[in-house]
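Whatever order the structure lists them in is the order used to number ligands and atoms, beginning at 1.
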Amino acid sequence: MTSQKEQTLVLIKPDGVRRGLIGEIIRRIEAKGYVVENLKMSLVSINQLKNHYQEHEGKPFFEPLLEFMQSGPIVAMVVSGNRVIEGFRSLAGATEPTSAAPGTIRGDLARDQGTKVVQNLVHGSDSSESAQREILIFFPELQGVK
Ligand code: IDP
Ligand code: MG
């Protein structure tokens, strides 16, 4: 157990916004005790998305992923707390909603929709390096702000 105050980037993807789950997802984050430090709702540009998902370039779901993420507004949040990077990914559940554990956001609220890209409601950074990089893609105004 380490005690480390961290920040992570959480996105509520277009499926979460369309389905009216913004409140439910934020409720779970706050109920766990994490703090929403910054929040905005917006459409995402293709350049932001290519940067954000650069590790997936070349995979068969990359283009469908970019298209899906531009299909409507998203909610972007900087969420903080000790070990929040790991903790939010635990709250979110596995990538594949069919097998994501009940009790998680994806396990309780998402399912396979038969689409080329898995629609699983949320994104959470997977490491502190990713978090720092991703936060600045969605909140460039935080550059230089500690
Ligand atoms: P994560 O969101 O759980 O970190 P990643 O592997 O980083 O999962 O993938 C990014 C997103 O791309 C996923 O959340 C999902 O929407 C989509 N995705 C990942 N793997 C697949 C796949 O094998 N088929 C279709 N879509 C996928
Ligand atoms: Mg990921």
Side-chain angles (χ1 to χ4, degrees), residues 2 4-140 142-143:
T2 53
Q4 204 185 351
K5 171 89 184 284
E6 289 177 334
Q7 291 182 321
T8 193
L9 179 81
V10 172
L11 301 179
I12 303 177
K13 298 181 180 184
D15 56 333
V17 174
R18 266 194 291 275
R19 290 183 50 208
L21 293 172
I22 297 171
E24 171 64 17
I25 291 167
I26 293 176
R27 187 195 67 73
R28 290 174 180 231
I29 292 169
E30 293 189 326
K32 179 79 171 172
Y34 297 131
V35 176
V36 177
E37 290 195 347
N38 298 81
L39 182 150
K40 66 172 70 152
M41 184 167 179
S42 66
L43 292 166
V44 189
S45 74
I46 187 77
N47 287 335
Q48 279 174 302
L49 286 172
K50 282 184 171 166
N51 194 353
H52 177 68
Y53 281 126
Q54 58 185 228
E55 79 213 71
H56 297 301
E57 202 173 340
K59 295 183 184 170
F61 60 86
F62 184 64
E63 296 298 334
L65 178 60
L66 299 187
E67 195 177 317
F68 164 58
M69 291 296 290
Q70 288 187 286
S71 67
I74 56 110
V75 173
M77 290 176 265
V78 178
V79 179
S80 72
N82 291 342
R83 299 180 67 194
V84 67
I85 294 171
E86 178 188 358
F88 177 75
R89 286 185 63 93
S90 173
L91 280 184
T95 305
E96 167 54 64
T98 302
S99 51
T104 65
I105 292 167
R106 290 163 168 175
D108 285 349
L109 306 173
R111 69 170 174 85
D112 191 339
Q113 301 285 342
T115 48
K116 280 187 195 153
V117 67
V118 174
Q119 302 196 3
N120 54 11
L121 301 172
V122 289
H123 165 83
S125 308
D126 62 8
S127 68
S128 65
E129 295 71 34
S130 307
Q132 283 170 33
R133 190 177 72 79
E134 293 170 0
I135 285 169
L136 291 178
I137 295 170
F138 290 88
F139 295 90
L142 295 179
Q143 177 77 56

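Counting heavy atoms of neighbouring residues, nucleotides and ligands inside a 6.0 Å radius, atom CD of E67 does not exceed 12 of them.
Applying the salt bridge (charged side-chain N to carboxylate O under 4.0 Å, His left out) rule to pairs touching residues 106-117 yields R28-D108, sequence neighbours excluded. Residue pairs meeting the salt bridge (charged side-chain N to carboxylate O under 4.0 Å, His left out) criterion with at least one partner in residues 39-58, sequence neighbours excluded, are K40-E141.
Looking only at distances, no side-chain donor or acceptor of S125 sits under 3.5 Å from a matching main-chain atom of T8.
Under the side-chain contact (heavy atoms from CB on, under 4.5 Å) criterion, L136 pairs with L142, Q143, sequence neighbours left out.
Salt bridge status for E24 with R27: present, with a side-chain N to carboxylate O gap under 4.0 Å.
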Identify the protein atoms, limited to N or O, that lie within less than 3.5 Å of an N or O atom of ligand 1, and list each pair with its distance to 0.1 Å.
residue  : atom   : partner : partner atom : Å
ligand 1 : 2 (O)  : R106    : NH2          : 3.1
ligand 1 : 3 (O)  : T95     : OG1          : 2.6
ligand 1 : 3 (O)  : R106    : NH1          : 3.1
ligand 1 : 4 (O)  : R89     : NH1          : 3.0
ligand 1 : 4 (O)  : R89     : NH2          : 3.4
ligand 1 : 7 (O)  : H56     : NE2          : 2.9
ligand 1 : 8 (O)  : T95     : OG1          : 3.4
ligand 1 : 9 (O)  : H56     : NE2          : 3.3
ligand 1 : 14 (O) : K13     : NZ           : 2.9
ligand 1 : 14 (O) : N120    : ND2          : 2.9
ligand 1 : 16 (O) : K13     : NZ           : 3.1
ligand 1 : 16 (O) : V118    : O            : 2.7
ligand 1 : 26 (N) : V118    : N            : 3.1

